[in-house]
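Computation of the quantities below employed the complete heavy-atom set of this structure, encompassing side-chain atoms and omitting hydrogens, waters and symmetry-equivalent molecules. Order of appearance sets the numbers: ligands from 1, and atoms from 1 within every ligand. Numbers for residues simply follow the sequence, beginning at 1. The shown structure was predicted, so the numbers you read here are calculated from the model rather than taken from an experiment.
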Amino acid sequence: MIEITGVSKYYGEFEVLKNCSTRVEKGEVVVVCGPSGSGKSTLIKCVNALEPFQKGSIRVDGIEVGDPGTDLPDLRSRVGMVFQNFELFPHLTIETNIMLAQRIVLGRSEDAARKKAMELLDRVGLSAQALKYPSQLSGGQQQRVAIARALAMNPMAMLFDEPTSALDPEMISEVLDVMSALARDGMTMMVVTHEMGFARRVANRVIFIDRGEIVEDRPTEEFFTDRRNPRTEAFLSKIL
Ligand code: ADP
Ligand code: MG
């Protein structure tokens with residue numbers, strides 16, 4: 001579903017991604033971890049073309065992201081993205097937040113968009129909040145709305161960039177539970193997170209990035225039990 005081959009990216013002289021390669025099969029969940037500033041956000045932003053890259057290739061469902069002929073708005077509408085800070089529209093109700101892109105990008109009727117929004121709010125356990133505004137919800141609830149909003153586009157894959165990092169500790173599990181359910185339903189996911197319990201329970205593979213380099217890319221169980229890479233070890237010993 002996602003195929004990253006020999007990708008390098010520069011900010012001026014600074015090589016932020018160094019010859020990165022990996023692939024995410026359909027239905028697979030891959031957790032990406034690594035120190036702050038190592039290039040995790042940059043890597044997943046390259047996947048849905050929020051950042052350009054200079055070398056290599058990224059294909060999503062066979063579509064070449066770096067090809068100038070690729071319809072990027074279309075690609076972005078089919079790869080859901082969830083950010084650390086929710087990024088909901090503050091002046092719109094929860095329901096309207098979830099309806100907006102369905103109406104504008106997919107051209108769904110108001111009734112169809114509302115039906116889909118209510119269905120997804122039910123799925124993330126927030127049916128009762130439909131007519132509230134984002135500021136009236138907790139951080140955990142807002143992040144679940146952001147996930148519902150991404151799902152409303154029927155994405156073929158979902159990218160998460162530290163979805164629980166801005167949350168108070170007691171709200172982390174409600175968001176991870178929604179993500180686990182999504183994974184169980186077969187969604188293809190790339191998840192940047194330091195929640196290693198989640199990684200262990202849900203991920204098929206774990207990627208460790210350090211200074212722009214994919215240092216490890218291994219099946220989850222092996223990643224945690226067969227620990228021999230000193231860079232990974234140094235990182236894990238700080239967060240576990
Ligand atoms: P991570 O998500 O792993 O914390 P990022 O992908 O956000 O790391 O950033 C990787 C590196 O690229 C960092 O050193 C960061 O300072 C640098 N960087 C990120 N965005 C820009 C930018 N727009 N211009 C220049 N450097 C950037
Ligand atoms: Mg980041």
Side-chain angles (χ1 to χ4, degrees), residues 2-24 29-58 60 65-66 72 75-76 79-88 139-140 142-143 146-147 149-150 155 157-169 171-172 175-176 179 188-200 202-203 205-218 220 223-224 229-240:
I2 301 171
E3 195 172 10
I4 300 172
T5 314
V7 167
S8 295
K9 175 178 172 63
Y10 300 82
Y11 285 120
E13 299 279 281
F14 175 58
E15 192 174 14
V16 56
L17 295 176
K18 299 173 184 161
N19 194 28
C20 291
S21 298
T22 188
R23 45 192 292 151
V24 185
V29 177
V30 172
V31 157
V32 179
C33 63
S36 177
S38 58
K40 306 179 297 293
S41 297
T42 306
L43 181 68
I44 64 165
K45 280 184 193 156
C46 285
V47 172
N48 72 346
L50 291 176
E51 284 286 350
F53 51 93
Q54 285 74 36
K55 267 190 224 156
S57 112
I58 299 181
V60 180
V65 176
L72 295 181
L75 173 77
R76 287 187 198 116
V79 179
M81 177 107 192
V82 174
F83 301 94
Q84 190 172 338
N85 292 310
F86 332 132
E87 318 273 351
L88 298 176
Q142 289 187 56
Q143 192 59 299
I147 294 171
R149 183 176 63 176
M158 288 279 287
L159 309 175
F160 294 85
D161 192 359
E162 303 206 34
T164 60
S165 297
L167 299 177
D168 292 330
M171 291 171 191
I172 291 175
V175 171
L176 294 180
M179 292 167 62
T188 306
M189 298 167 43
M190 248 180 124
V191 184
V192 176
T193 185
H194 292 158
E195 292 294 331
M196 290 298 132
F198 171 84
R200 226 171 162 149
V202 179
R205 293 206 330 279
V206 180
I207 290 176
F208 173 70
I209 303 191
D210 192 16
R211 283 174 260 145
E213 223 181 296
I214 294 183
V215 176
E216 291 204 67
D217 179 351
R218 302 168 75 195
T220 304
F223 179 85
F224 286 108
N229 187 298
R231 284 158 87 177
T232 312
E233 200 50 39
F235 171 74
L236 287 178
S237 68
K238 281 185 207 132
I239 65 162
L240 286 179

Participant: What's the spacing between Glu87 CD and Asp161 CG if we round to 0.5 Å?
Facilitator: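 So the CD of Glu87 and the CG of Asp161 are separated by 10.0 Å.
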Participant: Quick one: does atom 22 (C) of ligand 1 have a protein heavy atom under 4.0 Å from it?
Facilitator: yes
Participant: Stepwise, does the side chain to side chain contact (heavy atoms under 4.5 Å, CB included) test hold for Leu50 with Arg76?
Facilitator: CA-CA 8 Å; Leu50 291 176; Arg76 287 187 198 116; 3.8 Å; yes
Participant: Between Glu15 (side chain) and Gly212 (backbone), is there a donor-acceptor pair under 3.5 Å?
Facilitator: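 Such a contact is absent between Glu15 side chain and Gly212 backbone.
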Participant: Please list, in number order, the atoms of ligand 1 under 4.0 Å from a heavy atom of Pro35.
Facilitator: 3 (O)
Participant: With rounding to the nearest 0.5 Å, note down the distance linking CG in Leu17 to NZ in Lys55.
Facilitator: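 Leu17 atom CG to Lys55 atom NZ measures 12.0 Å (nearest 0.5 Å).
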Participant: Using a 4.0 Å cut-off to any heavy atom of Ser36, which atoms of ligand 1 qualify?
Facilitator: 4 (O)
Participant: Which residue owns the protein heavy atom closest to atom 18 (N) of ligand 1, what's the atom, and how far is it?
Facilitator: Tyr11 CE1, 3.4 Å
Participant: Taking the six-membered ring of Tyr11, is NZ or CZ of Lys9 closer than 6.0 Å to its centre and within 45° of its axis?
Facilitator: yes
Participant: Hey, is atom 12 (O) of ligand 1 touched by any protein heavy atom at less than 4.0 Å?
Facilitator: yes
Participant: Within Ser41, is some N, O or S atom less than 2.8 Å away from the Mg ion (ligand 2)?
Facilitator: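 Yes, Ser41 qualifies, because one of its backbone or side-chain N, O or S atoms lies under 2.8 Å.
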Participant: Tell me the protein heavy atom at minimum distance from atom 8 (O) of ligand 1, and give that distance in Å.
Facilitator: Gly39 N, 3.2 Å
Participant: Examine distances only and state if a side-chain atom of Arg205 and a backbone atom of Val24 form a donor-acceptor pair shorter than 3.5 Å.
Facilitator: no
Participant: Which one holds for Val16 and ligand 1: side chain close, backbone close, both close, or neither close, with close meaning a heavy atom under 4.0 Å?
Facilitator: side chain
Participant: What residue and atom, counting heavy atoms only, is the protein's closest point to atom 5 (P) of ligand 1, and at what distance?
Facilitator: Thr42 OG1, 3.6 Å
Participant: In the protein, which heavy atom is nearest to atom 7 (O) of ligand 1, and how far is it?
Facilitator: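 Result: Ser41 CB, 3.8 Å.
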Participant: Would you mind listing which atoms of ligand 1 come within a distance below 4.0 Å of any non-hydrogen atom of Phe14?
Facilitator: 11 (C), 12 (O), 14 (O)
Participant: Return the residue, atom name and 0.1 Å-rounded distance of the protein heavy atom closest to atom 3 (O) of ligand 1.
Facilitator: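 Sorting protein heavy atoms by distance from atom 3 (O) of ligand 1 puts Lys40 NZ, 2.8 Å first.
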Participant: Looking only at protein heavy atoms, which one is nearest to atom 4 (O) of ligand 1, and how far off is it?
Facilitator: Gly37 N, 2.7 Å
Participant: I'd like to know whether Phe224 forms a side chain to side chain contact (heavy atoms under 4.5 Å, CB included) with Val206, so could you lay out the CA-CA distance, the side-chain angles of the two residues, the decisive distance to 0.1 Å, and finally the verdict.
Facilitator: CA-CA 9 Å; Phe224 286 108; Val206 180; 4.2 Å; yes
Participant: Between Gln143 (side chain only) and Phe83 (backbone N and O only), is there a donor and an acceptor less than 3.5 Å apart?
Facilitator: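 Indeed, once roles are kept as given, a pair shorter than 3.5 Å links the two residues.
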Participant: Show which atoms of ligand 1 fall inside a sub-4.0 Å distance from at least one heavy-atom site of Ser38.
Facilitator: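 Listed by number with element: 1 (P), 3 (O), 8 (O).
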Participant: With a cut-off of 6.0 Å (strictly less than), are more than 12 heavy atoms of other residues, nucleotides or ligands near NZ of Lys18?
Facilitator: yes
